[in-house]
Protein chains: 2
Amino acid sequence: MVTLAEVAQHAGVSSSTVSYVLSGKRSISTTTRQRVEESIRKLGYHPNAGARALASSRSNIIALMVPLRTDMYVPVMMEIAVAVAAGARAHGYDILLLTGEEGPDAVRRVTGSGLADAMILMDVELDDERLPLLRGTQQPSVLIGLPADTEGLTCVDLDFRATGALCAEHLAELGHRDIAVVGEAPAVYERHTGFAERTLDGLRTRARELGLRLLHRPCEGGYDATAATLARVFDERPETSGFVVQNESALEPLLALLRQQGRAVPEDVSVVAVCPEQVATQASVRVTSVAVPAQEMGRRAVEQLVGKLDGLGGDEVVLLAPELTVRASSGPAPVRP
Amino acid sequence: MVTLAEVAQHAGVSSSTVSYVLSGKRSISTTTRQRVEESIRKLGYHPNAGARALASSRSNIIALMVPLRTDMYVPVMMEIAVAVAAGARAHGYDILLLTGEEGPDAVRRVTGSGLADAMILMDVELDDERLPLLRGTQQPSVLIGLPADTEGLTCVDLDFRATGALCAEHLAELGHRDIAVVGEAPAVYERHTGFAERTLDGLRTRARELGLRLLHRPCEGGYDATAATLARVFDERPETSGFVVQNESALEPLLALLRQQGRAVPEDVSVVAVCPEQVATQASVRVTSVAVPAQEMGRRAVEQLVGKLDGLGGDEVVLLAPELTVRASSGPAPVRP
DNA sequence: ATGAAAGCGCTAACAC
DNA sequence: GTGTTAGCGCTTTCAT
């Protein structure tokens, strides 16, 4: 293994000079720099991560805690994770992947050992058990998601309340009066995941203001569960002409079911979804949707975190404004007989 | 920050004793051990990762390289990644997440800096550009996927050739004679990803042996692309009665399209898919499928790697045997007029 | 069964 | 602009 000292010797300079060439923390004459850089290349030198972390108290690693539940809104999570990884690398950081499984212990382990300089938490619950620990630590962190109390925390999330409101508005403008919300799986609500509850809240509030009737049903997703949900909806509210789909794995089944039932989209029924663009555009009907900007969320989270690590910027809640894209699945409400 | 020396002082022992209590590398009297453990708890001591890595030349970190392409067979990748992370933790390792983006450079960076003790590569191409580097390194590694030449490498993968063969056999047994393969996106073949080509190979070989006629069409997935593919298939081979779907994002669209065309599944057309269990069971028809055992692949990869790190076991190719589960989408071929 | 002490490779004062 | 050097916190011989 090539060490910094060997590089120094090879270049005929002191080890600190090599170190400073690497870090750029003090000015080096061009000739010296070139000599050092050449030695580095020739010897194939790579700084030792452990030694560097020990000496500098910085690992240049960001921990990313992703939910263990692999069965839920997976594509979005993956997209965020990859965006975080890419963004982190762009700032010189590597990503340590933690699964939610370990829970708060993982936070302790990572902060305690200095394994990571900072952390990003995904899938934050409204009253997340990891939050007290974060508040009590020096370690900078950013949440992707929004807990009930954001005091002392930095959060990045789509403004799901506005998202819900936007969906309600869109359907209201088209003349729909009876709206059904195909929600997330019951477990998501039981865990009090912020985004699900906020979306619903935005939906309900705006619906009330606009005089819409709203029916909300959690839905596991998949064909059978969606079929059951749909049957219940039309049973209880036959007049329903607008759907807001929150669980993306219920989207395609819903469209297929409506088709089977002879309900035309968007002539008889309008459908609006909250999902990644890809899902909306690849479905059997181009679906009017509010995109979950996974990439941007990941990118912004890293930016916030790097800002904190560099001592700039404090706690802040970044809520991304939702954008609704009208596609082929929504249209004027059918004329009532 | 609490250091090992502080623990030692608090417990009234030398620092080496504390170190040995932690590592268990030499016998300690019960009384001493208890005193030390108590001090550790009382002081809230956490070993410093950097120092440990420097002194022991082991980071207890495994690097995991996942493909950057977030749009492809994502759920499987995510499932594998999470399984790897969980498995690694169970063996005392953390996971460093690398995106394929950096390519071979990431391998150099990680091996050179001692950031990770070993690495797991996903999404391996038949002639992957990272392989020469791996062969030339001391760093243990495991591939998830199978390159063309496995000499000197350890690989874990589903036996995709057998998977293809299994699908062909199943349809042949049911009396089907004209089979169409809805393949992966063209880009997947262009990159010469092993699993796609092997599946096709297994399919073709067995089909020939069984006297089946086989039509293979790459397919981007999504509704429109699948519709186009389906149209071409029936155009060229109107007699087609069996489908093997390899691209999971073409599965639900295919089922919906067949339904729309009035082709009953499985009475008129049989469908067999290669996909995760969840996709097969949540589709609009319970789909006969060969499961991609993502969890087990991740688990096995970690086991292989830990074995290597512990000096046991050498290079090995672990091919998991495919299992076909018959569900509602496949049945006897329709009687020809 | 325990201690003492020599590094591991790098960073960052402190010198000049 | 460059060199010298004292640690960073831990592991691991070598002693006893």
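Side chains are part of it too, since the values below use all heavy atoms of this structure and drop only hydrogens, waters and symmetry mates. Naming convention: chains lettered A, B, ... in sequence-line order (proteins, then strands); numbering from 1 in each chain.
- Under the 4.5 Å side-chain criterion, counting only non-hydrogen atoms from C-beta, I28(A) is in contact with T17(A).
- Looking at which nucleotide of DNA chain C each of I28(B) and A55(B) is closest to, the 5′-most match is held by I28(B).
- Between R26(B) atom CZ and dA1(C) atom P the separation is 10 Å, expressed in whole Å.
- Ion pairing between R35(B) and E38(B) fails under the 4.0 Å rule for side-chain N and carboxylate O.
- A salt bridge is absent between E101(B) and R89(A); no separation between the charged side-chain nitrogens and carboxylate oxygens falls under 4.0 Å.
- Under the 4.0 Å criterion applied to side-chain N and carboxylate O atoms, D149(A) and R135(A) are assigned as salt-bridge partners.
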Side-chain atoms of residues 113-122 of chain A: list all donor-acceptor pairs with protein atoms under 3.5 Å, sequence neighbours left out, distances to 0.1 Å.
{"unit_1": "S113(A)", "atom_1": "OG", "unit_2": "R109(A)", "atom_2": "O", "d": "2.8"}
{"unit_1": "S113(A)", "atom_1": "OG", "unit_2": "L115(A)", "atom_2": "N", "d": "3.2"}
{"unit_1": "D117(A)", "atom_1": "OD1", "unit_2": "S59(A)", "atom_2": "N", "d": "2.8"}
{"unit_1": "D117(A)", "atom_1": "OD1", "unit_2": "S59(A)", "atom_2": "OG", "d": "3.1"}
{"unit_1": "D117(A)", "atom_1": "OD2", "unit_2": "S59(A)", "atom_2": "N", "d": "3.3"}
{"unit_1": "D117(A)", "atom_1": "OD2", "unit_2": "N60(A)", "atom_2": "N", "d": "2.6"}

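- A 4.5 Å side-chain heavy-atom check between V7(B) and V2(B) finds at least one atom pair inside the cut-off.
- Using a 4.0 Å cutoff on non-hydrogen atoms, the parts of residues 3-25 of chain B near DNA chain C are G12(B), V13(B), S14(B), S16(B), T17(B), ordered by number.
- Rounded to whole angstrom, the span from the CE atom of M1(A) across to the C1' atom of dG7(C) amounts to 15 Å.
- Proximity of S56(A) to the phosphate of dC8(D): no side-chain N or O atom is located under 4.0 Å from OP1 or OP2.
- Electrostatic pairing of E37(B) and R41(B) does not count as a salt bridge here, judged by no charged N lying under 4.0 Å from a carboxylate O.
- Remark: nothing in residues 31-43 of chain B comes within less than 4.0 Å of DNA chain D through any heavy atom.
- Distances from the side chain of L54(A) to the nucleotides dG3(D), dC10(D), dG9(D) place dG9(D) closest.
- For R58(A) and dA12(C), the CZ to C1' distance is 14 Å, given to the nearest whole Å.
- Here R52(A) reaches the OP1 or OP2 of dT11(C): one of its side-chain N or O atoms lies under 4.0 Å away.
- Put simply, the side chain of I144(A) reaches to within 4.5 Å of the side chain of I80(A), judged on heavy atoms.
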